[in-house]
Every structure is written in C-alpha cells, then in structure tokens.
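Inspection log for the structure reproduced underneath, given as structure tokens.
This one's a predicted model, so the numbers in the text were calculated from it and none came from an experiment. All heavy atoms count here, side chains included; hydrogens, waters and symmetry mates do not.
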Amino acid sequence: MIRYGLILLIICLCASLVLSLTYKVTQAKIEAQLTADEKTALKGVFEGATSFEDRTLDDKTYYVAKKDGQELGYIIKVEAKGYSSTIVMMVGFDKNGTIEGVEVLNQQETPGLGAKIIEVKAGEKQPWFLRQFAGKKAEDLNLKNIQAITAATITSSAVIEAVKKSVEEFLARVK
C-alpha cells in the first residue's frame, strides 16, 4: 500500500514539474499573442482610423483612434460575465458615444448557444450579433434594438450591458 502511494506521489510530482515548466516556457509567447490580437482588433473596431495611440486612465490602457492626426474616438477593452465564461471584447466608439465596432477577443460560452456572438454567417465578414452595435449610441443599447441570440439571452444581455456601461463610464471620466 505504501509503495503504491509513493509511486503515485512521484508521478504527481513529475506531472506538476512538467506542467510548471510548460507554463514558464509558453507564458511569454501567450502574452505576446494576446497583445498582437488586441492590436489587430483595433483596426476591426475602428475601421476609419489610420493610427492608434495608447494612453492610460486609472491604470487601464485605452487607445485613441486617429486619422490624419485628428482624434476620431476611443477603443477600450471590456469584460462581461456571460453564462459560462468571461467575455473579453474591444469596443470602438466616437466622442459622442456612438459605437463604431465591437470585437470579441476571448470567450468560452456554450458552443451552439452563447458562442454564437462570434458566428459569421455565410457570405458575411463580421459576426451578425456584434455588427448590430455599429452606429448605435451607447445609451440606446438594450434588448429592444439589439436582436438577442436565441436561447442565449444571458450572453446577449451581458455583452449589451457591458458595452453600454463601459462606454458611458469611460466617456464620463475622460471629459
């Protein structure tokens, strides 16, 4: 009995060591990829901009979208608690709070239900759910003017409320 316990202990220690080393080796690459994904998302959420300047407000980084040196608006990172995961998004909006675009960076919602927030229909280039935000003022976002995903109202509501609240709070602090 003791022998089996010691063998199990050695196996667990080896597995823990391998897992720890794998994490250390891949951590820098994972962080670099997340940063690259954010930079790529900037153009997707604010298509009219040609450059992006990063700034800090309350220890959080946000981006100023610019074209020909003129500030067009802002891009912030937003998190929403969905049905089964935290949904991380980039949201672009102008100085009046009109949404330019929303792009999901990370989500682990239920496949076939909440994960439909990133579903791109055949022949289209953007997810149909997120495309609904463009051109709407943050204060007007609700389930009445954004079509929710069928059977995924919690995810839909979480995204809508997070975008609305984050944009309104950001604009109140920046002005």
Side-chain angles (χ1 to χ4, degrees), residues 12-95 97 99-121 124-134 138 149 152 155-156 158-171 173-174:
C12 289
L13 286 174
C14 290
S16 298
L17 179 63
V18 169
L19 185 60
S20 175
L21 288 173
T22 302
Y23 176 75
K24 285 286 187 190
V25 169
T26 60
Q27 181 181 13
K29 291 178 183 178
I30 291 170
E31 289 177 5
Q33 184 61 47
L34 291 174
T35 302
D37 289 347
E38 278 188 31
K39 299 291 183 189
T40 302
L42 294 176
K43 187 68 176 162
V45 298
F46 219 116
E47 293 181 6
T50 55
S51 65
F52 305 94
E53 177 185 323
D54 57 325
R55 296 185 185 166
T56 305
L57 178 67
D58 299 333
D59 295 328
K60 289 190 176 188
T61 301
Y62 70 95
Y63 300 90
V64 177
K66 294 183 175 185
K67 183 174 182 177
D68 300 328
Q70 298 291 321
E71 290 186 6
L72 300 176
Y74 308 102
I75 301 170
I76 59 174
K77 192 174 186 179
V78 175
E79 292 185 4
K81 177 64 180 121
Y83 179 74
S84 61
S85 71
T86 299
I87 303 164
V88 182
M89 304 167 281
M90 294 292 276
V91 180
F93 51 96
D94 67 16
K95 295 177 181 184
I99 307 297
E100 293 288 326
V102 178
E103 189 165 321
V104 174
L105 297 176
N106 188 22
Q107 62 86 21
Q108 298 297 319
E109 292 296 283
T110 308
L113 295 172
K116 287 187 175 186
I117 60 172
I118 59 169
E119 177 184 70
V120 178
K121 292 184 178 180
E124 297 179 357
K125 296 181 181 189
Q126 296 177 313
W128 68 270
F129 177 73
L130 300 176
R131 192 177 58 241
Q132 296 179 81
F133 288 82
I149 298 168
T155 302
S156 302
V159 170
I160 292 167
E161 287 304 311
V163 170
K164 177 180 180 172
K165 181 180 175 188
S166 297
V167 170
E168 287 175 346
E169 288 176 358
F170 179 84
L171 287 173
R173 289 193 326 238
V174 166

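Rounded to the nearest 0.5 Å, atoms CD (E100) and CD (E47) are 9.0 Å apart. Here the SG-CG distance, from C14 to L19, works out to 12.5 Å after rounding to the nearest 0.5 Å. To the nearest 0.5 Å, the span separating CD1 on I117 from CD on E109 amounts to 6.0 Å. Remark: C12 SG to L17 CG distance equals 12.5 Å, nearest 0.5 Å. Here the straight-line distance linking atom CD of Q132 with atom CD of Q126 works out to 11.5 Å at 0.5 Å rounding. The CZ atom of F129 sits 4.5 Å away from atom CD1 of I160, with the distance rounded to the nearest 0.5 Å.
The only option from L105, V78, T155 that meets the side chain to side chain contact (heavy atoms under 4.5 Å, CB included) definition with I87 turns out to be T155.
In this structure, the side chains of I149 and L113 stay at 4.5 Å or more apart for every pair of heavy atoms. Looking at heavy atoms from C-beta onward, I76 lies in side-chain contact with S166 at the 4.5 angstrom threshold. Side chains of K39 and Y63 form a contact here, defined as non-hydrogen atoms less than 4.5 Å apart. In this structure, the side chains of K95 and E71 come closer than 4.5 Å at one or more pairs of heavy atoms. Between V91 and F133 the shortest side-chain heavy-atom distance does not fall below 4.5 Å. Residues V104 and L130 are in side-chain contact: their nearest non-hydrogen atoms beyond the backbone lie under 4.5 Å apart. Using a 4.5 Å heavy-atom threshold, the side chains of Y74 and V64 count as touching. Inter-residue side-chain proximity for K77 and T61 is flagged as unmet; no heavy-atom pair is nearer than 4.5 Å.
Counting heavy atoms of neighbouring residues, nucleotides and ligands inside a 6.0 Å radius, atom CZ of F52 exceeds 12 of them. Within 6.0 Å of CD in Q70 there are 12 or fewer heavy atoms belonging to other residues, nucleotides or ligands. Within a 6.0 Å radius of NZ in K66, other residues, nucleotides and ligands contribute more than 12 heavy atoms. With a 6.0 Å radius and a threshold of 12 heavy atoms from other residues, nucleotides or ligands, K67 has its NZ atom at or below the threshold.
Side-chain rings of F170 and F93 approach one another, their centers coming within less than 6.0 Å.
The two residues K164 and A138 come nearest to each other via the heavy atoms CG-O, 3.2 Å. Nearest heavy-atom pair, V102 versus M89, reported as atom, atom and distance to 0.1 Å: CG1-SD, 4.1 Å. Taking both residues in full, the closest heavy atoms of N106 and Q108 are given as OD1-NE2, 3.6 Å, listed atom of the first, atom of the second, then distance. In plain terms, the two heavy atoms of K81 and T86 that are nearest each other are CD-OG1, 4.3 Å. Of all the heavy atoms in G92 and I75, the pair that sits closest is CA-CG1, 4.0 Å. Between F46 and L72, the closest heavy-atom pair is CE2-CB, 3.6 Å.
A distance-only check finds a donor-acceptor pair linking the side chain of T35 to the backbone of E31 [under 3.5 Å]. At distances below 3.5 Å, not a single donor-acceptor pair connects side-chain atoms of E119 with backbone N or O atoms of W128.
For Q33, the side chain to side chain donor-acceptor pair (under 3.5 Å) test picks out D37, with sequence neighbours left out.
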